[in-house]
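Everything below concerns the one structure shown next.
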Amino acid sequence: MHPLLVHFPIGLLCVALVLELIDWKRKSAGLRDATGILTWIGAISAVTAVAFGLMLANAEESSGTNLEIHRWAGIATMTLAVLATIALRAPNRTWYRSLLFVTVFGVSLAGHYGAMLTHGDDYLTSVLPSSDPIEPSGTDEPDFILTNNGALNPQQIQELNVEVRTILAHNCYSCHSETKTKGDLRLDSKDAIMKGGEDGVVVIPNHPDKSEMIRRISLPKGHKEAMPTKGKRLTEREINVLKFWIEKGALWPDGKEKSIYRVAALEPRMPVLPPASGDLVKPVDRLVNAYFQKNKIAWQNVVNDRIYIRRVYLDIIGLIPSPEKVDAFVADSNPDKREKLAMELLNRNDDYAQHWMSFWNDALRNDYSGTGYITGGRFDITKWLYTSLQVNKPYNWFVKELISPDKQSEGFIKGIKWRGTINSSQRTEMQAAQNVSQVFLGLNLKCASCHDSFISDWKLADSYAFANIFADTLLEINRCDKPTGKIAGTKMLFPELGEISVDASTEKRLRQLADFLVQPKDGRLYRTVVNRIWAQLMGRGIVEPVDMMDNVPWSEDLLDWMASDFVANGYDMKKLIYTIVTSKTYQLPSSSVKEASDIMATDYKFTGMVRRRLTAEQFSDAISAAFNPMYADSAVVYNLLPDGLKSKLPFARAGFVKNDPFLTSLGRPNRETVSTSRTSQANLLQALELTNGNKFTEALKEGSKQWHAKYPTSDSLVTGLYRQALGRAPVPKEIAAARKILGAKPSEESIQDLVWAIALIPEFQLIY
């Protein structure tokens, strides 16, 4: 149903409903006839609106959630309208009245979403008296743009041009660029803008009043010629900037264009450390202290020993501490016991590798089954990855062996050979380019693998030139899956790191690429991994999202110092983790966010670790350690792992079993695409799996038998469960609640209920 056609059936059906409600009281034959006629016309109009709406939607290439809701609401209410006309013949009009009421509601809903498509999500609020946008104050926008009456100097021309192109990029490029050119009009270069489109020129220098661009963007919302046609309109300031630009002659600077997107520095930087203050002597804390002072944030007291030991156990080895370990740690009076604990855990090489396998499996698309493995179009790197983590391979060698691989590590850049016909942007060479850039450099080439990117300066030619490094023969550039007849050369994404030999063999090109990327002067490589590890341990990266390293960090000095220190310490991942987990910053109380989107907010303020949910593997292993193994030993993929690992596993750890519905529901990805972070928000699928899932239920049922035999009384059972699961004894309230669940004599069923309750409380499910 199209929004421009929806108002007619809404009006008719609403009038019909009003007349019917009046007739309900008066019993008037005339009113009934009028209601019937209006209902018939309304139903026919609804059918017509749906038919035309589908045609228009396809013609306009519309898409999105609003369109889908609009479409299906329209189809549903069209059906209801037809049923209402049929119900007119029934002697009892109750069905007719009910259907008519639901139809009016439905067609109104469809109309609402239709209006959102044509006039934007704010089409209602924008016309309210309080809807005038308030421009933020204290911005970095060059105010001279709207006030300067004289000639502009070169710097002012450059700044004006950047702002103009930013406005066009955010509002116009989706329809008027090289990728999509509606009306034969492009607005992504000076020549294209001055050329105009099929309806003529759109910019007349020095004459904004005669320029079609200004007329179109100034038209009221809803006008058939108004631009943009969809989404939010330009603000008054944006329109004034474009007017000013045209008034000054539509100036375009000579030489290389300045980027409209932020581009992070490539080279490393070692900032000067702020002075120590009190107990803030470690570099991380001194840098965070400078940030806190700048943002007027007060330091809080560090967490207690019980919280710290559980936090650091889960973060370093992915397991919960035993109650005996917790008791001993709490009783220890040594002032440096936290540093010693962190070092002890990091030296548990196999436990460390077993935990961090899941993180790197996600990032490197390594799994034990799934797309490509059966057909021989995909190869695992499990043995190589486990050994690399177990021996703490320096990160520069870790990267080199993935990019210039041997047989054990080649699965990463070989990608997935998809079955059947695939898009050009998903051929294995392009997958390698996308994955290397995302995982190691924190940048997105996926958009630029199909067309020039809308979110960065990366071009289609850049992606193909980088993909050619991995290719046996040079690739023809395909734009939106259509061949262009152009062949890209070979080039690094950052040419200042080195030049790849186009005539060299693939093996030699990969060796060159690996050598160039891991140079100490490639600050981006090391900032990216430092940011990823910080995000894993602190719940939020210094830069977010972690795959968009050109975004502004909340502390540039902290990120740069940690990256430089990482290089100075021999690319040692364990030293990096130790630096973080022994800082006072890591030991601060955790904080929570009201909405998941708050993590990504540009005005985010760091106050400490963000409280997060256990990963699928951590939760499963916690259940296994505290109550009963979730997986049988036979579920572990021993055939893919190094020899002798079986004796080193405390139980069948979830990180080494094939993915299943239980792990999927708790957030483990399918690893057919790179996944460098997991959401920490609970969801409906997870709730259903933990309340009704067979895997979890069977594990609790089997464990209940053992606990029932081991603990004959309720109190001893409750104490044992709490100590094993939470590392502490239950408080009186918890004992009383547990007694109600267990009854006078614990049964296997009641034990199962109690364990289920303990496993679902925040103290068990979250890292505080």
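Values reported hereafter were calculated over all heavy atoms of this structure, with side chains retained and with hydrogens, waters and symmetry mates removed.
A salt bridge links Arg612 with Asp315: the closest approach of a Lys/Arg side-chain nitrogen to an acidic carboxylate oxygen falls below 4.0 angstrom. A salt bridge links Glu401 with Lys393: the distance from a Lys NZ or Arg NE/NH1/NH2 to an Asp or Glu carboxylate oxygen falls below 4.0 Å. By the 4.0 Å N-to-carboxylate-O rule, Asp550 lies too far from Arg262 to be salt-bridged with it.
One side chain, Lys574 or Asn349, offers a donor N or O that lies under 3.5 Å from an acceptor on the other. Looking only at atom types and distance, the side chain of Thr371 has a donor-acceptor partner in the side chain of Glu672 under 3.5 Å away. A side-chain N or O of Asp660 and one of Tyr631 form a donor-acceptor pair less than 3.5 Å apart. Side chain to side chain, Asp452 and Tyr173 fail the donor-acceptor criterion of an N or O pair below 3.5 Å. Ser369 and Asn659 are not linked by any side-chain donor-acceptor pair at a separation below 3.5 angstrom, with hydrogens and angles left out of the test.
When the ring-ring contact (aromatic ring centres under 6.0 Å, His included) test is applied to Trp534, no partner is found at least two apart in sequence or on another chain. With sequence neighbours excluded, the residues forming a salt bridge (charged side-chain N to carboxylate O under 4.0 Å, His left out) with Glu429 are Arg427, listed by chain and number.
Environment of CZ in Arg348: crowded, with over 12 heavy atoms of neighbouring residues, nucleotides or ligands closer than 6.0 Å.
Both cation-pi conditions hold for Arg540 and Tyr604: the charged atom is under 6.0 angstrom from the six-membered ring centre and inside a 45 degree cone around its axis. For Arg311 and Tyr586, the positive end sits near the middle of the six-membered ring, less than 6.0 Å away and at most 45° from its axis.
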